[in-house]
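Worksheet: one structure, shown below.
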Number of protein chains: 2
Amino acid sequence: MALRYAILGLLSAEPMSGYDLAKWMDRGLGNIWSAHASQIYPELARMVEAGVIVEVPGDTGPRRRRVYGISDDGAADLREWLTTATLDPGGRNEALLRSVLLGRLDPRSAALSFTTEAERHRERATLHEALRDEAGTKGSPLEPLRLAFDCGARIEHALAEWAQAAADELRPPRRRSRS
Amino acid sequence: MALRYAILGLLSAEPMSGYDLAKWMDRGLGNIWSAHASQIYPELARMVEAGVIVEVPGDTGPRRRRVYGISDDGAADLREWLTTATLDPGGRNEALLRSVLLGRLDPRSAALSFTTEAERHRERATLHEALRDEAGTKGSPLEPLRLAFDCGARIEHALAEWAQAAADELRPPRRRSRS
DNA sequence: AGATGCATGTAAATAGTTACATGATTCA
DNA sequence: TGAATCATGTAACTATTTACATGCATCT
C-alpha cells in the first residue's frame with residue numbers, strides 16, 4: 001500500500017495528473033519512492049474506486065489530461081497511516097547492497113570502487129542540497145518535498161563519508177611516497 | 001537479480017544453508033537487502049541450475065540441512081556485477097516515505113511524530129554501532145558484514161539528525177516558557 | 001513533415017509477500 | 001510431552017518492471 005500513500009501524499013499538496021505524479025516519482029521523491037507510469041495509472045483507477053481520490057473535472061486540459069485530487073476519506077486514510085501504521089524494517093537498496101559487497105573484491109579494486117562511490121555520493125549530495133535550497137524558497141512548487149531533499153542530502157553525505165572511510169581503510173596512505 | 005548477488009556475496013564469505021542466508025537477511029544485511037525464506041529457497045534452486053553455486057555434500061548435518069557454496073562461475077558473476085553493472089537510482093524506502101509525508105500533518109502532530117522518529121533512529125544507530133564493533137573484533141562470524149553495519153550506523157545517525165531538525169523547526173523553543 | 005514531449009493506458013513477465021505444510025531436534 | 005527452534009519447501013497473491021500501443025500538441 002506504500003504507493004497509494006505516496007500518491008495521496010503528493011495529491012494532498014496539490015491536485016495532479018498521473019503524468020505529473022510519475023514525474024514527481026522520477027525526480028525528487030524518486031530517492032524515497034519511485035514508480036513507473038504503468039504502475040501509477042492502474043493504481044489511480046483503484047483509488048478512485050476506493051473513494052480516496054476524485055477526478056477534478058474542470059482541469060481537463062487540451063491533451064486528454066485527467067487531474068485527481070485527494071478526498072476527505074483519502075486524507076483520513078493518509079493521516080491514519082502516518083500516525084498508526086507500523087512498518088517492517090526490511091530495507092531493499094540495491095546501490096547499498098553493491099557498495100557493501102564491494103569489500104569482497106581484492107583490496108586494490110575495492111579501494112578504487114569505494115573512491116568512485118564516494119565521489120558519486122558527493123555529487124548526489126550536492127544535487128540534493130541545490131534542490132532543497134530551491135524548495136526552501138517561498139512559493140516554490142517543490143516546497144512540499146523540501147524535507148525529502150534535505151533527507152536525501154544528509155543520507156548522501158553520510159554515504160560519501162562511509163565510502164571514503166572504507167577506501168582510506170583499504171588503501172592507507174603510503175609513507176614517504178613519491179607524490 | 002539483486003537477491004542473487006546478495007546471496008552470492010554472503011556465500012563468498014562462507015558456505016551456508018538457505019536457513020542461514022535467511023537469518024543473515026533478517027539480522028545484519030536486513031537493512032540493505034532482506035528476503036523471506038520462501039523467496040530464498042526457490043532462488044537457490046535456480047542458482048544451482050545456473051551453476052553459480054554448488055551444494056556442498058559433506059556438510060549435511062543432522063536435520064536435512066543443505067549447504068551451498070559459491071562456484072568459480074558465481075564468483076566471476078559477482079565480480080562482474082560489482083565492477084560493471086549500472087544501477088537505477090530509484091529507491092523504495094517505506095519508512096522514509098512515511099517520515100517525509102509526516103510534514104503533511106498539522107504542525108503539532110508532525111513535530112511529535114518527528115521527535116518519535118528521531119528517537120527510533122538514535123536507537124537503531126546504537127544497535128548498529130554495537131554490531132559494527134562486534135564485527136570489528138578479530139575472528140567474529142559477523143566480520144563480512146562490518147561495512148554494512150558501519151553503513152547502517154551512519155545512515156541512522158543522519159536520519160536521527162534529520163528528524164530532530166525537522167521537529168525543532170516545526171516546534172521552535174518558546175521564549176520565556178515556564179519550563 | 002518529422003522530432004520531441006505530453007498523456008494515458010494494456011499485457012506479459014519478474015520479484016516479493018503471506019499463508020500454509022511438513023518434519024526433525026533440542027530443551028524444559 | 002509440549003514448546004521452541006531448525007530446516008525446507010509450495011501455492012496464491014500482490015507489487016513492480018518492461019515492452020508495447022496510441023494519439024495529440026508544439027516546435028523546427
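All values below were derived from every heavy atom in this structure, side-chain atoms included, with hydrogens, water molecules and symmetry-related copies excluded. Residue numbers begin at 1 in each chain, while the letters A, B, ... track the order of the sequences.
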Review point. Given D/dA7, C/dA15, D/dT18, which nucleotide is nearest the side-chain atoms of A/His36?
Key: D/dT18
Revision key, fill the gap. From the candidates D/dG9, D/dT10, C/dT18, the one with an atom nearest any side-chain atom of B/Pro42 is D/dT10
Presence of [X] side-chain N/O under 4.0 Å of [N] phosphate oxygens OP1/OP2:
X	N	result
B/Ser38	C/dG16	no
A/Gln39	D/dA15	no
A/Tyr19	C/dT8	no
B/Arg65	C/dA24	no
A/Arg92	C/dT17	yes

Review point. Would B/Arg46 and B/Glu49 pass as an ion pair if we require N to O under 4.0 Å?
Key: no
For [X] and [N], give me the distance from atom [atom1] to atom [atom2], rounded to whole Å.
X	N	atom1	atom2	answer
A/Ile7	D/dA15	CD1	C1'	13 Å
B/Asp26	D/dA7	CG	P	15 Å
B/Lys23	D/dC6	NZ	C1'	8 Å

Revision key, fill the gap. Closest non-hydrogen atoms of A/Arg154 and B/Ala165, given as atom of the first, atom of the second and distance, are NH2-CB, 3.7 Å
Practice item. Take atom CG of B/Asp72 as the centre, draw a 6.0 Å sphere, and report whether it contains more than 12 heavy atoms from other residues, nucleotides or ligands. Key: no
Practice item. Please test A/Ile155 against B/Leu96 for side chain to side chain contact (heavy atoms under 4.5 Å, CB included), starting from the C-alpha separation and ending with a verdict. Key: CA-CA 11 Å; A/Ile155 288 180; B/Leu96 220 49; 3.8 Å; yes
